[in-house]
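Read through the structure below, which is laid out as structure tokens, and then see the notes.
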Amino acid sequence: MTQEEIDRLIRCPKVISDPPRKEMAEDRGSLRNSMKLTAKEGQREFLAFMRKNVDFSENFSIGLDYCPRDGRGRVCLLRCNGPHGEWIDDFHDPHPHHGYHIHMARPENIEAGFRAERGAEVTKEYASYQEALCHFVRLCNIDEAVKHFPELEQLPLFDDLEPRNELP
Amino acid sequence: MSYLDLLRAQFNNRVAFREKRPGVHQLIAPLYHEDGDMLDIFLEQPPGGNGLIRVCDHAMTLMRLSYSFELDTPKKEQIFKRILDENGIQETNGNLFIDARPESLYPAVLQFAQVVSKVSSMRLFRREIIHSLFLEMLDEFIEARLAQFPFQKPYYPLPDQEEYEVDYCFNSRPKPVFLFGVNSVSKARLVTISCLKFQNERIGFRSAVVLESLDLLGRKDQARLMSAADKEFPSLDDFQANGARFLGRDLA
């Protein structure tokens with residue numbers, strides 16, 4: 001996959017083909033939800049998952065997997081994480097970071113046989129699970145998400161801020 | 001000396017701690033998942049204390065595993081439990097933990113980190129990976145154990161129509177045996193179509209199918225496949241046990 005293909009898969013307009021539960025379900029210490037998405041054009045399929053740790057609510061992850069139909073196996077394109085702990089980009093020259101961060105698939109990772117989403121970047125786009133969900137839905141261009149996530153309808157605190165939806 | 005100071009000293013001062021909640025300390029150590037995220041390991045007093053320290057993950061390992069893999073079958077649970085039992089780790093409501101004396105915290109933490117990695121690697125048992133292993137194992141068996149029956153792989157019975165492909169053609173007799181490995185619904189349908197096509201074209205053959213497992217196909221796909229194919233082995237184990245006898249009988 002090239003970087004353009006990865007970006008296109010993340011950004012392409014999507015519809016919710018199998019909606020999430022109304023409430024996250026608790027299962028073995030974490031709250032869980034998921035939904036299936038289909039690209040509006042081209043019939044590509046995706047899975048979005050949402051997880052939040054019961055003990056530490058700041059430990060969350062909202063991710064987008066691409067599910068190719070040829071059985072190659074799912075690829076994680078994007079994962080918006082809370083500040084669960086530290087992370088590094090380079091195992092050989094580790095400089096740990098801490099805070100809200102986003103994992104994103106990179107072509108060099110796929111080519112090298114690493115996890116596609118290895119490494120991450122600090123983000124200031126969100127500072128809570130709800131804000132992360134909002135950012136995720138905007139980034140992935142998910143149609144009518146507010147129908148299933150009413151919390152997305154909450155007005156921003158500051159009206160004069162432009163919504164930011166650039167890929168990190 | 002607190003147990004944290006003791007553990008820091010045991011690690012030669014190469015680790016740190018961050019207080020996640022009162023009394024719950026997160027270990028900051030160079031132990032990472034494949035995506036670069038640090039292993040989630042916490043230290044705290046267990047209920048009842050008894051002078052022990054609990055090394056645990058507060059259900060983070062299973063939460064992370066659930067991004068791409070669910071423990072939703074008895075077999076998966078069995079494997080998960082086996083990993084824990086063989087490594088002396090316990091689990092309560094998703095929280096993996098081991099209780100250790102302060103002076104044994106260093107080996108306990110390393111043991112725990114290994115288990116976190118092993119459990120996290122269960123995602124490699126995902127269906128698409130298991131599916132591809134089935135075809136490899138079928139191929140290995142045929143190459144190693146059925147070499148007395150000459151075969152071609154793959155085989156195309158219809159000239160210029162390579163869309164109708166046979167996985168293995170055992171052709172030591174005028175009426176060959178076409179063998180197919182079926183590990184998905186789409187493959188089952190393709191095999192059904194191919195067998196019917198060959199019958200339509202009046203090709204002389206016998207067909208045999210080796211299923212990855214009986215619960216792979218829904219009722220209708222199963223019925224269509226059974227109607228089109230002459231013989232169905234419900235699993236690789238069954239084919240390994242009876243395949244040679246079947247081919248010997250059919251090709252005699």
Side-chain angles (χ1 to χ4, degrees), chain A residues 25-34 47-65 67-76 79 81 83-91 94-98 101 103-106 109 113-121, chain B residues 15-18 20-21 24-42 44 56-72 77 80 91-97 119-121 123-124 126-132 135 183-187:
Chain A
E26 184 171 337
D27 186 0
R28 272 171 143 157
S30 58
L31 299 173
R32 304 179 186 188
N33 209 345
S34 63
L47 178 75
F49 58 86
M50 292 76 82
R51 302 286 188 266
K52 196 163 38 163
N53 187 266
V54 168
D55 288 348
F56 309 129
S57 57
E58 71 275 24
N59 288 15
F60 62 80
S61 191
I62 304 171
L64 180 74
D65 282 357
C67 311
R69 285 180 170 206
D70 57 10
R72 262 179 295 154
R74 280 157 46 182
V75 175
C76 180
R79 225 169 66 225
N81 279 12
H84 56 84
E86 317 232 326
W87 83 89
I88 53 168
D89 276 326
D90 185 348
F91 283 69
H95 292 290
H97 308 279
H98 177 73
H101 57 282
H103 293 267
M104 191 166 287
R106 297 181 201 164
N109 285 342
F114 298 147
R115 288 277 293 271
E117 76 279 21
R118 179 163 126 152
E121 287 187 17
Chain B
V15 298
F17 304 97
R18 186 174 290 131
K20 188 76 167 169
R21 296 289 190 275
V24 180
H25 294 89
Q26 183 164 16
L27 175 68
I28 309 298
L31 300 164
Y32 301 100
H33 293 285
E34 296 91 342
D35 62 1
D37 282 348
M38 197 180 67
L39 264 54
D40 300 287
I41 299 176
F42 303 91
E44 59 196 46
C56 63
D57 75 339
H58 279 271
M60 284 300 296
T61 306
L62 287 185
M63 178 175 124
R64 175 178 288 275
L65 179 65
S66 78
Y67 299 168
S68 55
F69 184 84
E70 293 283 7
L71 297 174
D72 55 1
E77 277 287 348
F80 170 63
E91 181 241 341
T92 301
N93 195 30
N95 181 30
L96 308 185
F97 66 93
V119 170
S120 301
S121 293
R123 65 181 181 81
L124 297 173
R126 268 203 323 242
R127 191 158 269 277
E128 54 262 22
I129 296 168
I130 299 295
H131 280 336
S132 64
L135 293 176
N183 62 346
S184 67
V185 168
S186 56
K187 181 69 185 286

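Letters go in sequence order (proteins before strands), and every chain restarts at 1.
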Considering only heavy atoms and a distance below 4.5 Å, find which of A/Met50, A/Glu117, A/His84, A/His101 pairs most often with chain B. A/His84

So which atom in A/Arg32 and which in B/Ser66 form the shortest heavy-atom distance, rounded to 0.1 Å? NH1-CB, 3.4 Å

N/O donor-acceptor pairs under 3.5 Å from side chains in residues 28-36 of chain B, not counting sequence neighbours:
unit_1	atom_1	unit_2	atom_2	d
B/His33	NE2	B/Arg64	NE	3.4
B/Asp35	OD1	B/Asp37	N	3.0
B/Asp35	OD2	A/Arg79	NH1	3.2
B/Asp35	OD2	A/Arg79	NH2	2.5
B/Asp35	OD2	B/Arg64	NH1	3.0

Which heavy-atom pair separates B/His58 from A/Asn53 by the least distance, and what is that distance? O-ND2, 2.7 Å

Any side-chain heavy atom of B/Tyr67 within less than 4.5 Å of one from A/Ser61? yes

Closest approach of A/Arg51 and B/Met63, non-hydrogen atoms and distance? CB-CG, 3.8 Å

Of the listed B/Gln26, B/Met60, B/Arg18, the one with the largest count of heavy-atom pairs under 4.5 Å with chain A is B/Arg18

Could you pull out all residues at least two apart from B/Ser186 that satisfy side-chain hydrogen bond (donor to acceptor under 3.5 Å, both in side chains)? B/Ser184

Applying a strict 4.5 Å limit to non-hydrogen atoms, the region of A/Asn81 in contact with chain B is side chain

Most heavy-atom pairs under 4.5 angstrom with chain B, which of A/Leu31, A/Asp65, A/Asp55, A/Asp27? A/Asp55

Minimum heavy-atom separation for B/Ala59 to A/Gly29, with atom names? CB-CA, 3.7 Å

From B/Asn95 CG over to A/Ser30 OG, what is the distance, rounded to the nearest 0.5 angstrom? 11.5 Å

Do the non-hydrogen side-chain atoms of B/Lys20 and A/Glu58 ever get within less than 4.5 Å of each other? yes

Ionic contact status for A/Arg28 with B/Glu70, cut-off 4.0 Å: no

Under 4.5 Å to a heavy atom of chain B? For A/Phe56 that would be both

For B/Thr92, is it the side chain, the backbone, both, or neither that has a heavy atom closer than 4.5 Å to a heavy atom of chain A? neither

